Undergrad: 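Provided herewith is a single structure, encoded as structure tokens, for subsequent inquiry.
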Number of protein chains: 2
Amino acid sequence: MRLSTKGRYGVTAMMDLAIHDNAGPVTLADISQCQGISLSYLEQLFSKLRKHKLVDGVRGPGGGYRLARPADEISIAEIISAVDEKVDVTRCNHEGNCQDGVRCLTHELWEELSDRLFNFLSGITLAQFANRPGIHELAIQRDNINGRFILARRQQEVLQQQRRVS
Amino acid sequence: MRLSTKGRYGVTAMMDLAIHDNAGPVTLADISQCQGISLSYLEQLFSKLRKHKLVDGVRGPGGGYRLARPADEISIAEIISAVDEKVDVTRCNHEGNCQDGVRCLTHELWEELSDRLFNFLSGITLAQFANRPGIHELAIQRDNINGRFILARRQQEVLQQQRRVS
DNA sequence: TTAATTCTTGACTAATTTACTCAGGTAAGA
DNA sequence: TCTTACCTGAGTAAATTAGTCAAGAATTAA
């Protein structure tokens with residue numbers, strides 16, 4: 001179990017998707033502007049999220065990313081381990097090289113702590129954050145104020161249709 | 001909240017101290033050999049642990065480090081934040097520069113998750129690992145087999161006394 | 001008192017990871 | 001066909017990690 005800013009970026013970006021889940025795909029450019037993360041860096045993160053089947057990419061105009069599964073089936077632990085890429089296999093690989101028993105001992109204790117942490121984060125889903133009362137409305141409202149995102153896009157569509165008619 | 005190998009080193013080293021707590025100070029050289037961490041790197045980690053009042057250093061022959069408080073009053077969260085040195089203040093510092101409300105929104109959600117994690121780790125103490133039935137006996141036994149640590153040091157003292165007598 | 005031991009501090013460095021840039025692709029819709 | 005936006009990979013600057021080296025201070029044992 002590891003937790004760095006990389007994991008935080010992954011989780012916050014996924015929260016963003018979850019909040020806008022029912023309003024079409026979200027572009028990385030939007031997330032980039034909102035969260036202050038470089039676009040290409042996000043592309044790398046989402047490449048991993050895609051490979052781990054956590055998001056679906058939708059190409060072409062109007063495309064972007066959406067959650068691959070319902071928000072209540074995606075845990076924080078999944079996101080972090082997808083992005084942070086577990087490393088660091090314990091040096092004592094249960095062979096002859098672990099000559100000192102006490103190392104193994106504290107290793108075992110650490111493994112247990114790590115497991116507890118993972119289980120804790122497995123029990124927390126995106127939905128617990130996205131579906132809280134008021135959050136969704138607040139998001140739409142704020143998007144609207146800033147004149148971007150999905151609502152802004154819808155407005156553009158309306159404008160284009162009006163032009164076509166006239 | 002962050003969690004890297006540095007934090008793991010800190011926690012496992014502290015577990016080591018907790019296990020040997022009632023048998024005098026533990027030297028960094030011992031921990032270094034047991035855990036496979038370089039001595040000087042441990043010195044840096046323990047410098048931080050000392051500044052955060054988690055351990056006491058005992059100088060001179062027979063010295064080493066011991067816990068500054070009982071193991072049941074030291075939480076994992078304390079150790080990690082002492083060693084890992086919280087960084088990364090959120091970019092949106094509640095001033096005018098956070099122009100996009102959605103950023104603030106996901107930031108708040110992240111903060112909440114971070115808090116939950118911290119509270120979880122605050123509820124886990126060193127004692128929960130060190131005081132488990134059998135652990136302590138096992139540690140002594142293994143130390144004995146490897147002929148090092150406190151027991152080995154005691155044996156040396158006995159031998160030296162015998163020399164004095166003869 | 002002297003020597004050995006062990007903590008304590010600081011400066012410096014190699015390796016790794018993070019965060020980012022650039023530069024080109026490819027698929028899908030208008 | 002043109003634009004949009006995903007997708008990929010190579011390369012890079014900055015930060016962090018992990019470690020080395022060297023000197024010094026406190027304490028105990030001889």
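Chain naming here is simple, since letters A, B, ... match the order of the sequence lines and numbering starts at 1 in each. All of these numbers come straight from a predicted model, not from anything done at the bench.
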Undergrad: Give the ring-plane orientation class for A:Tyr65 versus A:Phe46, where under 30° counts as parallel, over 60° as perpendicular and anything between as tilted.
TA: tilted
Undergrad: Compare side-chain N and O positions of B:Ser4 against OP1 and OP2 of D:dT17 and report whether any pair is under 4.0 Å apart.
TA: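 Yes, such a contact exists.
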Undergrad: So, A:Asp84 and A:Lys6, do they make that salt bridge, N to O below 4.0 Å?
TA: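 Answer for the salt bridge query: no.
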Undergrad: Expressed as a whole number of angstroms, how long is the span from A:Leu45:CG to D:dG9:P?
TA: 16 Å
Undergrad: Below the 4.0 Å mark, does C:dT21 have OP1 or OP2 next to a side-chain nitrogen or oxygen of A:Ser38?
TA: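 Answer yes for this pair, as a side-chain N or O of A:Ser38 is under 4.0 Å from OP1 or OP2.
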Undergrad: For A:Arg59 and B:Arg50, find the nucleotide of DNA chain C closest to each by heavy atoms; which residue's nucleotide sits nearer the 5' end?
TA: B:Arg50
Undergrad: Using a cut-off of less than 4.0 Å, is there contact between a side-chain N or O of B:Tyr41 and OP1 or OP2 of D:dA18?
TA: yes
Undergrad: Less than 4.0 angstrom from a charged side-chain N to a carboxylate O is my criterion; do B:Arg69 and B:Glu78 meet it?
TA: yes
Undergrad: Hey, which of these two, A:Lys6 or B:Glu43, hits DNA chain C nearer its 5' end, going by closest nucleotide?
TA: B:Glu43
Undergrad: Let me know the distance between CG of A:Leu49 and C1' of D:dC7, rounded to the nearest Å.
TA: 14 Å
Undergrad: Need one value for B:Tyr65: base, sugar-phosphate or nothing, where a base atom within 4.0 Å counts as base even if backbone is also close, heavy atoms only.
TA: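 Sugar-phosphate, no base atom in range.
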Undergrad: Got a second to check how far A:Arg132's CZ is from B:Leu109's CG, nearest 0.5 Å?
TA: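 Atom-to-atom, A:Arg132:CZ and B:Leu109:CG are 5.5 Å apart.
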Undergrad: Any base atoms under 4.0 Å from B:Leu28, or only sugar-phosphate, or nothing? Heavy atoms, all strands.
TA: sugar-phosphate
Undergrad: Can you check whether A:Arg2 has a side-chain N or O nearer than 4.0 Å to OP1 or OP2 of C:dT18?
TA: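 Yes, A:Arg2 has a side-chain N/O under 4.0 Å of OP1/OP2 on C:dT18.
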Undergrad: Between A:Gly60 and A:Lys51, who's closer to the 5' end of DNA chain D by nearest nucleotide?
TA: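 Its nucleotide being nearer the 5' end, the pick is A:Gly60.
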